[in-house]
Visitor: 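Sharing a structure, written as structure tokens. Questions coming.
Basis for what follows: all heavy atoms, side chains included, without hydrogens, waters or symmetry-related copies. Every chain is numbered from 1 and lettered A, B, ... according to where its sequence line falls, protein lines coming before strand lines.
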Amino acid sequence: MRQHETGNSTDQAIRKIVVLPLRIALEISVKSLRVRFFRNMLTVMTLVLAVAFFTFVLVSSDLARGLWNSGDPALAQTLEKAGFDLPAPGESLASTAKERWLVALSLLVCMVGIINAQLMAVTERFREIGTMKCLGALDSFVLRLFLIEAGLQGLAGSLAGSLLGLLIAMALAMLRFGLAAAAQASPAALGLDVLAGIGVGLALSLIGVFYPALVAARMQPVEAMRAE
Amino acid sequence: MTERHTIVRVQDVHRVFNLGKHQVEALKGVTLEIKAGEYISIMGPSGSGKTTLFNAIGGLDKPTSGKVFIDEVDIAQLDAFELAWLRNRKIGYIFQTFNLIQVMTALENVTLPMIFGGMNNDEATQRGVALLKLVGLDKRFNHKPQELSGGQQQRVAIARSLANDPAIILADEPTGNLDLATGEEIIELLKRMSRERNVTIITATHDYKMLAVSDRVIWIVDGRIDKIEDREQLNIQVGEIVSR
Ligand SMILES: Nc1ncnc2c1ncn2[C@@H]1O[C@H](COP(=O)(O)OP(=O)(O)O)[C@@H](O)[C@H]1O
Ligand SMILES: [Mg+2]
């Protein structure tokens, strides 16, 4: 016979809900990513392309800077022919307005692309969020599930995208300027570009999921289930 | 049976939906009491406010005014943890549209509330298998909802609603999307749960087949309680309704 539970055991049960282990959250997230594989590939592809573009711009700029800094007049001339706005001798190439504009633009593309992709992916799952809340999931747990998923997606997509951007930028630069492009580049700078790409992709992916997931998690369960 | 306590008390509940310019008052002051172990049907035409009442009782939506008490606790006073606990342990929900999680297997759907409740995986799996057997789905543990028929999905949902041994099961038109025969099986299953596990069952429905198994029927029309009938009063009428 079910009766009123004693205050004590109720408290314990409630506390149990609070400490849902990270391992289980991770397990559910990974499962959910695997099951929705093709839908996720779509989101991840957006991420890959956006991050690839961003890293491509960064790396291209660094490669050009390497050529410029070499001080070789022949290389400077090829750069000019290739459409670079060259600064006065001795100044850094990256400081030109055109370069800064390109980086900002690629960041914007990244932001819109990734946030939009994640926003759509979460919006499709409002009903699932509502159902989970009916089953006793806390807001924080729903949020955690989605952040883990976005984090894993973001990491994989950004890593692939960033490397892709690096490869394309290197290949293109070597086609236009010959092997000197690679020879003059600073490996540390390129490494930083790749890391920046990964960081930006991961961060935007998390931001893109955080907002809609928070909104959904805070809704009354019925509202979330009704929202399509 | 010993004196049964009041498990659900609804006090003058109003629910108003704001639709831009005009408002819809879906509940216009509903007051009722339900005793532990009862099988209650909330009957009424489509649009009369059954789902709205169901959501208010289950703590899935907030009434505009009025109070809902579960075990004499005003659920509006619960904090987030307590509310999650209530939904997790105290109440099991069954929906007309099943609302299973599409990417999870039948077994995973059933064990999810247990996992949320802090049960370990092995124990949850064992319990989940037993519950699926109980609802007659022995060989469908690893099927996804899309691979199951409507009746089978609703059985999974019933097993899920029983996951943490709730005191109350709220079922909103559980037979609404099912054919006649399957609907009858589901009703029989709910009746069995109420008898064997002494769960309080509250179903919103406009399915007259539900009448025969109910202890009481609450008729709701246009957001108000029209009448409440006991089984004795019903027995006389069921014949009439069925024959017409
Ligand atoms: N989210 C909502 N927004 C606006 N109106 C709603 C909403 N939910 C229900 N209603 C209205 O409230 C009334 C009762 O609806 P409901 O409780 O779903 O009835 P039932 O379940 O008995 O068919 C209907 O007029 C419906 O249009
Ligand atoms: Mg309804």
Side-chain angles (χ1 to χ4, degrees), chain A residues 1-5 7 9-21 23-25 27-40 124-145 149 217-226 228, chain B residues 1-2 5 7 36-37 51-52 54-56 58-62 71-73 79-93 95 97-105 108-109 112-121 144 160-161 163-168 170 197-200:
Chain A
M1 175 81 219
R2 251 160 297 277
Q3 277 300 339
H4 303 271
E5 292 186 53
S9 77
T10 305
D11 280 356
Q12 275 170 0
I14 292 174
R15 219 164 294 129
K16 245 183 170 181
I17 281 189
V18 182
V19 291
L20 202 125
R23 187 182 55 78
I24 288 175
E27 224 170 77
I28 296 179
S29 296
V30 170
K31 211 181 291 168
S32 161
L33 280 172
R34 228 183 8 226
V35 170
R36 253 184 281 263
F37 186 77
F38 287 105
R39 179 63 187 83
N40 282 319
E124 283 166 16
R125 294 170 66 187
F126 268 31
R127 197 187 172 82
E128 186 180 328
I129 293 177
T131 306
M132 282 190 173
K133 288 198 67 178
C134 288
L135 302 179
L138 286 167
D139 299 4
S140 60
F141 180 63
V142 171
L143 214 53
R144 196 195 290 176
L145 275 186
E149 282 187 35
R218 287 211 177 141
M219 280 183 183
Q220 294 290 329
V222 245
E223 282 178 85
M225 285 194 293
R226 200 167 32 226
E228 278 299 294
Chain B
M1 179 120 208
T2 52
H5 67 282
I7 195 160
T51 299
T52 310
F54 167 96
N55 291 334
L60 302 180
D61 196 18
K62 283 201 170 74
D71 267 341
E72 299 304 345
V73 176
D79 66 23
F81 294 134
E82 291 164 331
L83 198 56
W85 182 87
L86 180 91
R87 292 173 185 151
N88 186 250
R89 297 296 183 86
K90 195 90 189 172
I91 303 179
Y93 305 90
F95 303 93
T97 47
F98 321 134
N99 289 16
L100 298 175
I101 293 184
Q102 296 300 315
V103 296
M104 294 189 178
T105 63
E108 285 163 355
N109 264 289
L112 195 61
M114 305 180 206
I115 305 280
F116 286 163
M119 196 184 283
N120 75 45
N121 250 337
K144 299 264 165 56
R160 181 179 69 181
S161 75
N164 289 324
D165 235 333
I168 305 168
L170 279 171
R197 300 177 158 243
N198 201 33
V199 187
T200 309

Visitor: Measure distances from B:Gln102 to the heavy atoms of chain A and classify the residue's part below 4.5 Å as side chain, backbone, both or neither.
Guide: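 No part of it gets close to chain A.
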Visitor: Is it the backbone or the side chain of A:Lys133 that comes under 4.5 Å from a heavy atom of chain B, or both, or neither?
Guide: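 For A:Lys133, heavy atoms of backbone and side chain both lie under 4.5 Å from chain B.
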Visitor: What part of B:Leu60 gets closer than 4.5 Å to chain A, counting heavy atoms only: side chain, backbone, both or neither?
Guide: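 It is both, since atoms from each part get that close.
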Visitor: Under 4.5 Å heavy-atom distance to chain A, tell me which part of B:Thr51 shows up: side chain, backbone, both or neither.
Guide: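 Neither; nothing under 4.5 Å.
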Visitor: If every non-hydrogen atom of A:Cys134 is compared with every non-hydrogen atom of B:Tyr93, which pair is closest and at what distance?
Guide: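 That closest heavy-atom pairing would be O-CE1, 3.1 Å.
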Visitor: Quick one: closest heavy-atom pair of A:Leu138 and B:Ala84, and the distance?
Guide: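 What the structure gives for the nearest pair is CD2-CB, 3.6 Å.
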Visitor: What part of B:Asn55 lies closer than 4.5 angstrom to a heavy atom of chain A: side chain, backbone, both or neither?
Guide: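 Interface part for B:Asn55: side chain.
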Visitor: Heavy atoms only, distances under 4.5 angstrom: which of B:Lys144, B:Arg87, B:Lys62 has the most pairs with chain A? Name it, please.
Guide: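 Max contact count across the listed options: B:Arg87.
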Visitor: A:Met219 versus chain B, heavy atoms under 4.5 Å apart: side chain, backbone, both or neither?
Guide: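 Neither part; nothing is under 4.5 Å.
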Visitor: Could you tell me which non-hydrogen atom of A:Leu135 sits nearest to which non-hydrogen atom of B:Phe116, and how far apart they are?
Guide: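 Smallest interatomic distance, heavy atoms only, reads O-CD1, 3.7 Å.
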Visitor: Rounded at 0.5 Å granularity, tell me how far CG in B:Asp61 sits from CD in A:Gln220.
Guide: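 Output value for this atom pair is 5.5 Å.
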Visitor: Let me know if B:Asn121 has heavy atoms under 4.5 Å from chain A in its side chain, its backbone, both or neither.
Guide: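 Interface part for B:Asn121: side chain.
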Visitor: Could you measure the distance from the OG atom of A:Ser32 to the CD atom of B:Glu108? Nearest 0.5 Å is fine.
Guide: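 Atom-to-atom, A:Ser32:OG and B:Glu108:CD are 10.5 Å apart.
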Visitor: Are side-chain N/O atoms of B:Thr97 and A:Arg127 paired as donor and acceptor at under 3.5 Å?
Guide: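 Short answer, yes.
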Visitor: Working to the nearest 0.5 angstrom, can you tell me the gap between B:Met104 CE and A:Thr131 OG1?
Guide: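 Here the interatomic distance stands at 10.5 Å.
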